Amino acid sequence: MANNITFTMIKPDAVKNNYIGGILAMINEAGFKIKAMKYTQLTKADAEGFYEVHKERPFFGELVNFMSSGPIVAAILEKDNAVADFRKLIGATNPAEAEEGTIRKKYATSLGENAVHGSDSDENAAIEANFHFAMTERF
Ligand code: ATP
Ligand code: MG
């Protein structure tokens, strides 16, 4: 599919560590176009809704507290094969297992505080993009 989209968040750990610029540079260098972007903070309810698929997991409370603990950068990214290519660019969930050259290898702190989110399917990319952005905020 030509020019499809994925959704990303630069998570509170990476914002606190002043990695926004470095992460955006890697995103641009990898060929993603920024279609929408905002600097915002999730409420606890937002984070619970966003990560609802994980609500039975033992780390859910920690994940929700962390994701609502400070500002994030939310963005819609556009590129051919956006979802898969962005998952490749961010690297493994656990930064200890992330490959060289990935965002998480360079910028993540731990499994829980892993610098960035990337959608895991085209369907979820559309749901997540709609969660944060109106159509009039996309360019
Ligand atoms: P994300 O959805 O944030 O892009 P992911 O798709 O690589 O990450 P998921 O399996 O969807 O990973 O998990 C969502 C988030 O929950 C992870 O990014 C991580 O911060 C946290 N998480 C996942 N597994 C664990 C765990 N075992 N312990 C603590 N936190 C975890
Ligand atoms: Mg995920």
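Atoms within a ligand are numbered from 1 in the order they appear, just like the ligands themselves. Computed from a predicted structure; not experimentally measured.
Using a 4.0 Å cut-off between heavy atoms, Met9 makes no contact with ligand 1 at all. Contacts between Phe66 and ligand 1, counted as non-hydrogen atom pairs separated by less than 4.0 Å, are absent for every part of the residue. Using a 4.0 Å cut-off between heavy atoms, Leu63 contacts ligand 1 through its side chain alone, with no backbone atom that close. Under 4.0 Å from ligand 1, the heavy atoms of Arg104 that appear belong solely to its side chain.
Side chain of Asn114 to backbone of Ala108: no donor-acceptor contact under 3.5 angstrom is found.
Considering backbone and side-chain N/O of Glu113, none are found under 3.5 Å from N/O of ligand 1. When only interatomic distances are considered, the shortest N/O to N/O separation between Ile90 and ligand 1 does not fall below 3.5 Å. When only interatomic distances are considered, the shortest N/O to N/O separation between Arg57 and ligand 1 does not fall below 3.5 Å. At under 3.5 Å, not a single nitrogen or oxygen of Glu62, backbone or side chain, sits near a nitrogen or oxygen of ligand 1. Polar contact check, Gly118 against ligand 1: a nitrogen or oxygen pair lies under 3.5 Å apart.
At a 4.0 Å cut-off, at least one heavy atom of Asn114 sits close enough to ligand 1 to count as contact.
Distance from atom 6 (O) of ligand 1 to its nearest protein heavy atom, with residue and atom name: Arg87 NH1, 2.9 Å. The protein heavy atom nearest to atom 2 (O) of ligand 1 is His117 ND1, 3.1 Å. Protein heavy atom nearest atom 29 (C) of ligand 1, with residue, atom name and distance: Phe59 CB, 3.5 Å. Nearest to atom 11 (O) of ligand 1 among the protein's heavy atoms is His54 NE2, 3.0 Å. If you check which protein heavy atom lies closest to atom 5 (P) of ligand 1, you get Thr93 OG1, 3.5 Å. When hydrogens are left out, the protein atom nearest atom 3 (O) of ligand 1 is Lys11 NZ, 2.8 Å; that is the closest non-hydrogen contact.
Of all the heavy atoms in Ile90 and Thr102, the pair that sits closest is O-CB, 3.6 Å. Of all non-hydrogen atoms in Asp85 and Asp80, the two that sit nearest each other are OD2-O, 3.5 Å. Lys44 and Val64 make their closest contact through O-CG1, 3.8 Å (heavy atoms, listed as atom of the first residue, atom of the second, distance). Looking at every heavy atom in both residues, Ala14 comes nearest to Ile23 through CB-CD1, 3.8 Å.
Hydrophobic clustering places Ile34 together with Tyr19 (ILVMFWY residues linked when any side-chain heavy atoms are closer than 4.5 Å, directly or through intermediates). The hydrophobic cluster containing Phe32 also contains Tyr107, counting ILVMFWY residues as joined when their side-chain heavy atoms lie under 4.5 angstrom apart, directly or transitively. Linking Ile, Leu, Val, Met, Phe, Trp and Tyr residues whenever their side-chain heavy atoms come within less than 4.5 Å leaves Tyr39 and Ile72 in two separate clusters.
Using a 30° and 60° split on the angle between ring planes, His54 and Phe59 fall in the tilted class, from 30° to 60°. Ring orientation note: the planes of Phe131 and Phe50 are nearly perpendicular, at an angle over 60° on the 30°/60° scale.
Annotation: cation-pi geometry not satisfied between Lys79 and Phe86 (NZ/CZ under 6.0 angstrom from ring centroid, within 45° of ring axis).
Among Val53, Leu111, Val64, the residue whose heavy atom lies nearest to atom 27 (N) of ligand 1 is Leu111.
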